[in-house]
Every structure is written in C-alpha cells, then in structure tokens.
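Notes follow the structure.
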Amino acid sequence: MLNDPRSHGLWEMTAPPAPETVAFSGRAEADVVIVGGGYTGFSTALHLAERGTRVVLLEGAEIGYGGSGRNVGLVNAGMWVMPDELPGVLGDLYGSRLLELLGNAPRAVFDLVEKHAIDCEINPAGTLHCAVGQSGLDELKQRAEQWVRRGAPVRLLDAAETAAKVGTEAYAGSLLDLRAGTIQPLAYARGLARAAIAAGAAVFTASPVTGAERTGKRWTVKTARGSVTADWVVVATNAYTVAPWNEVRAELVHLPYFNFATVPLSPEMQAKILPERQGAWDTKDVLSSFRFDKRGRLVFGSVGALRGTGTGIHKAWARRALKKLFPAIGDVAFEAEWYGKIGMTTDNLPRFHRLAENVIGFSGYNGRGIAPGTVFGRTLAALISGEIAEMDLPLPVSAPEAQSFRSMREGYYELGAQVAHFAGARF
Ligand SMILES: Cc1cc2nc3c(=O)[nH]c(=O)nc-3n(C[C@H](O)[C@H](O)[C@H](O)COP(=O)(O)OP(=O)(O)OC[C@H]3O[C@@H](n4cnc5c(N)ncnc54)[C@H](O)[C@@H]3O)c2cc1C
C-alpha cells in the first residue's frame, strides 16, 4: 500500500481489489461524517447507510490503511483483561455489558461476512491460546473457568491434545475458543467498505481531515480540497490518528507487531501444523502468533518493528523460532513481511469518547479490534440513530487521557523486542 510492501504484506498481495474511490473535493452535506476507513469507520458507515442515513466517510490514505489492513486476522472473543476482572474495573453494569458484547462479537463478524458475501477467507474454526510453561497454563485455567461459568464454548486442552491440534509439543496446554476464528484482515476491511458503498455511503480516500469547526448546531470538517458539513462526526482514527483529534493518539502507546508469511507449506506440513486451521498465539509477554492463510502460507508474528536493526534481528528470530516449534519445517522461505502499530491503553480496555458535542468514537482496542471495531461501529450507528442512548453503551463516556512518557515507552517496546529476539533461542 502506498508502495510500501512492509505495511500490508501478504494481505495486500492476496486481498480482492478495493472498491474504486477518489479523493474528496468540493462541499458536501451529510447527516454523519466518519473520519477513518478501518473496521470501526466502515461498520459505522454500513450500519448507518442501511438505515437510510446520509453518510460521508473520509479516509486519509487508503481503505484498511491502519490496523485493519495489517493485523494477524485473529477474530477474538473478549479482551486481554480476565472476564472476572472486568466488572471490578468498569463496574458491574458496563463490565457485564462489555463481556456480553465482545464475547459474541466474532459471531457478529461472521454473520456480517455472510450477509454481504464478503470474500475474506473467513474461517470460524476457533482459536488456540497456547500455554508456555506452568504459569501460562495457570493463566489459561483461570480464563477457561471464568468463561465456562458464563456459558462460553471454551475448553482447556492438555499438553497432548494441544500437541495434536498445534503440531508441536512446545506447549503445556491451550485454551480452545470455539467462538473465534481467522480472517484475511484487509479483505474484510475492503469488503465492509464495498458493503457500505452499496448501502449508500459516500467513501473518499486520500482525504485526510485537517480540521473541524462548529457551524451553528452542525460540524464542518475540512480536507485539503473541500469540506463536509454534518450533524455528527464519528472519529474512527484509533492508533493511526493524524490531526485534528490528536488526543485519541496521545492516549495510546504504540506497540509494534510484525508478521512473516512463509511460502505455501507442503501438504504434509499443512496436515501436521494446525490441521484444523485455528488461529494461535501464546502466553509469553513478548508473544508469538501463527495461523494459515487460504493457500497454506503460515503467518508467524511477534512484537517488534521491521525497520533499522529490527528487520534482521526479527527475521533471524522468526526462522529460529519456527524451526524450534516445528522442526520439520526446515529452512522455509518467507514470501512477505510487514508490521504495524497496536494502540495500547493503560488498562488494556477500549474507550468511548465524546470529544465535543456530537463528535464521538471508540478507540484503544489493544490488538483486539476486528470483532470489537465491528460491533462498536454497529453501536455508534444505533446511538446516532437514537435507538439507544449514551447510558446504554457498553463503555462509559471518558475523556482521553494522554499517557506519560509515551515516546520513551514506544522506544522501549521497540528496542526491548529486539533484545528479546536477539538473545532469545525461544519460540
Ligand atoms: C500488527 C497488528 C496486529 C493485530 N492483530 C490483531 C488480531 O489478530 N486480531 C484483532 O482483533 N486485532 C488485531 N489488531 C488490532 C486491529 O487491527 C485494530 O484494533 C483495528 O484494525 C482498529 O480498527 P479501526 O477501524 O478502529 O482503526 P484503523 O484500522 O487503524 O483505521 C484508522 C484509519 O483512520 C485513518 N486516519 C487517521 N487520521 C485521519 C485523518 N485525520 N483523516 C482521515 N483519516 C484518518 C487512518 O489512515 C486509518 O486508515 C492488530 C493490529 C496490528 C497493528
């Protein structure tokens, strides 16, 4: 994307083309202007346009340019925070609402994909959260107990069951979550965009919003070549925010995350590694993730940025780690490599912001944004349409709080990942 093979890698190589769009110019009137063309923006646009609302979506770069086109494609249920801890952090009301919404969010993605016939390699085969050592297993036991008590279809697998499902004996066990699955992330973003356009949304790319001002009871947002006036503004720029709503970015610490995609593996290796095609990741702090794409390429990722010294260090680590996990894989070649920035909040929970009257948005998904972005977009559409009130939202209204020492912490994560992968013989 934008001639950078390290931004969207495999996903750009294999996604169906984006719908044709142009840059915005002139003046337009709408009911709602949406800023940002990822899952949050397009889900909001789709669900509003389906209600007959006049929507203009302005994306600064291209459809899926942010996290939505670069991620691992694990359609997860829930958040990092343990289910039992959520009510403690958010209070009983919001805690249980968020658990309910995000626990069922993968189903919402799968249903939307089916409804709009989105071609995005959807595979609802579940996910495997793999335990590294006893401490990893203890954590997964707790997660399993807490979800099972809530009736979720999750199951703790022992080491032998895990070895059969993953194709390695490296793990002490795993948590199989049958609500979840995998997706081709950029294809999903482009498919949502196509569905939104078909429903009547006007979508413009290469149109960064540079300013917004109140004009009477309405808002006028500006781009380099024009302006859109609307009753509502949805800020869906999240971790890739560029001005004017810098506070959304300042609240997040960027955690870099890379992926390498192998060439398609042999049928024998494909039958051995993840034979049922779940998406997988592990319990380490500097975690690793792996999943197949439709053609049998293994997508293997971890924390770090593929730039400067990081490129060589992370690539060498990925080769070692893959061989350690799956010795029979040998010296497999990589077909693509890319990385992106995950937006982390202080408590690993997302946020709902009212940045000004009728200027609203969700953000801060902490590396779990496919299903949440989709259902939060649907929620924004319901709020704007007056079907629900702010008090019915799954999160309380909060003001963005800038994180202190942000640049220092971002540098620390990037360098720390290099140190971990340079020294690490571990997978
Ligand atoms: C490497 C990586 C791996 C991840 N893995 C997973 C995973 O496996 N599973 C999962 O669920 N989540 C994952 N995530 C998180 C997930 O990708 C994000 O949470 C999600 O894509 C956020 O969607 P969004 O629509 O809110 O924001 P984005 O997709 O980031 O979209 C924001 C858009 O806003 C645009 N924009 C910014 N400023 C302006 C402006 N001023 N005017 C106009 N447009 C603007 C940007 O260009 C961008 O396209 C991962 C993220 C990364 C980076």
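Just so you know, ligand 1 is whichever comes first in the structure, and atom 1 is the first atom listed for that ligand.
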Query raised in the report: Tyr171: what forms a ring-ring contact (aromatic ring centres under 6.0 Å, His included) with it, not counting sequence neighbours?
Result: Phe427
Report task. May I have all residue pairs that pass salt bridge (Lys or Arg N to Asp or Glu O under 4.0 Å) and include part of residues 72-81, sequence neighbours excluded? Result -> none
Query raised in the report: Within the side chain of Thr53, is there an N or O that forms a donor-acceptor pair under 3.5 Å with the backbone of Leu48?
Result: yes
Go ahead and list the nitrogen or oxygen contacts between ligand 1 and the protein that come in under 3.5 Å, distances to 0.1 Å, or just say none.
{"from": "ligand 1", "atom 1": "5 (N)", "to": "Val72", "atom 2": "N", "distance (Å)": "3.2"}
{"from": "ligand 1", "atom 1": "8 (O)", "to": "Gly73", "atom 2": "N", "distance (Å)": "3.3"}
{"from": "ligand 1", "atom 1": "8 (O)", "to": "Leu74", "atom 2": "N", "distance (Å)": "3.1"}
{"from": "ligand 1", "atom 1": "9 (N)", "to": "Leu74", "atom 2": "O", "distance (Å)": "2.8"}
{"from": "ligand 1", "atom 1": "11 (O)", "to": "Leu74", "atom 2": "O", "distance (Å)": "3.3"}
{"from": "ligand 1", "atom 1": "11 (O)", "to": "Gly369", "atom 2": "N", "distance (Å)": "2.9"}
{"from": "ligand 1", "atom 1": "11 (O)", "to": "Ile370", "atom 2": "N", "distance (Å)": "2.9"}
{"from": "ligand 1", "atom 1": "12 (N)", "to": "Gly367", "atom 2": "O", "distance (Å)": "3.1"}
{"from": "ligand 1", "atom 1": "12 (N)", "to": "Gly369", "atom 2": "N", "distance (Å)": "2.9"}
{"from": "ligand 1", "atom 1": "17 (O)", "to": "Gly67", "atom 2": "O", "distance (Å)": "3.0"}
{"from": "ligand 1", "atom 1": "17 (O)", "to": "Asn71", "atom 2": "ND2", "distance (Å)": "3.1"}
{"from": "ligand 1", "atom 1": "21 (O)", "to": "Ser68", "atom 2": "N", "distance (Å)": "2.9"}
{"from": "ligand 1", "atom 1": "21 (O)", "to": "Ser68", "atom 2": "OG", "distance (Å)": "2.9"}
{"from": "ligand 1", "atom 1": "23 (O)", "to": "Ser68", "atom 2": "OG", "distance (Å)": "3.2"}
{"from": "ligand 1", "atom 1": "25 (O)", "to": "Tyr39", "atom 2": "N", "distance (Å)": "3.0"}
{"from": "ligand 1", "atom 1": "25 (O)", "to": "Thr40", "atom 2": "N", "distance (Å)": "3.0"}
{"from": "ligand 1", "atom 1": "25 (O)", "to": "Thr40", "atom 2": "OG1", "distance (Å)": "3.4"}
{"from": "ligand 1", "atom 1": "26 (O)", "to": "Thr40", "atom 2": "OG1", "distance (Å)": "2.7"}
{"from": "ligand 1", "atom 1": "26 (O)", "to": "Asn238", "atom 2": "ND2", "distance (Å)": "2.8"}
{"from": "ligand 1", "atom 1": "29 (O)", "to": "Gly67", "atom 2": "N", "distance (Å)": "3.4"}
{"from": "ligand 1", "atom 1": "29 (O)", "to": "Ser68", "atom 2": "N", "distance (Å)": "3.0"}
{"from": "ligand 1", "atom 1": "29 (O)", "to": "Ser68", "atom 2": "OG", "distance (Å)": "2.5"}
{"from": "ligand 1", "atom 1": "30 (O)", "to": "Gly67", "atom 2": "N", "distance (Å)": "3.0"}
{"from": "ligand 1", "atom 1": "38 (N)", "to": "Val242", "atom 2": "N", "distance (Å)": "3.0"}
{"from": "ligand 1", "atom 1": "41 (N)", "to": "Val209", "atom 2": "O", "distance (Å)": "3.1"}
{"from": "ligand 1", "atom 1": "41 (N)", "to": "Val242", "atom 2": "O", "distance (Å)": "3.0"}
{"from": "ligand 1", "atom 1": "41 (N)", "to": "Ala243", "atom 2": "O", "distance (Å)": "2.8"}
{"from": "ligand 1", "atom 1": "42 (N)", "to": "Val209", "atom 2": "N", "distance (Å)": "2.9"}
{"from": "ligand 1", "atom 1": "44 (N)", "to": "Gly60", "atom 2": "N", "distance (Å)": "2.8"}
{"from": "ligand 1", "atom 1": "47 (O)", "to": "Glu59", "atom 2": "OE2", "distance (Å)": "2.6"}
{"from": "ligand 1", "atom 1": "49 (O)", "to": "Glu59", "atom 2": "OE1", "distance (Å)": "2.7"}
{"from": "ligand 1", "atom 1": "49 (O)", "to": "Glu59", "atom 2": "OE2", "distance (Å)": "3.1"}
{"from": "ligand 1", "atom 1": "49 (O)", "to": "Gly66", "atom 2": "N", "distance (Å)": "3.3"}

Query raised in the report: Is the cationic atom of Arg70 (NZ for Lys, CZ for Arg) positioned less than 6.0 Å from the six-membered ring centroid of Trp338 and within 45 degrees of its normal?
Result: no
Requested in this report: Let me see the working for Trp219 and Val33 under side-chain contact (heavy atoms from CB on, under 4.5 Å), right down to the final yes or no.
Outcome: CA-CA 9 Å; Trp219 284 95; Val33 60; 5.8 Å; no
Requested in this report: Could you list the residues that satisfy ring-ring contact (aromatic ring centres under 6.0 Å, His included) with Phe352, not counting sequence neighbours?
Outcome: Phe362
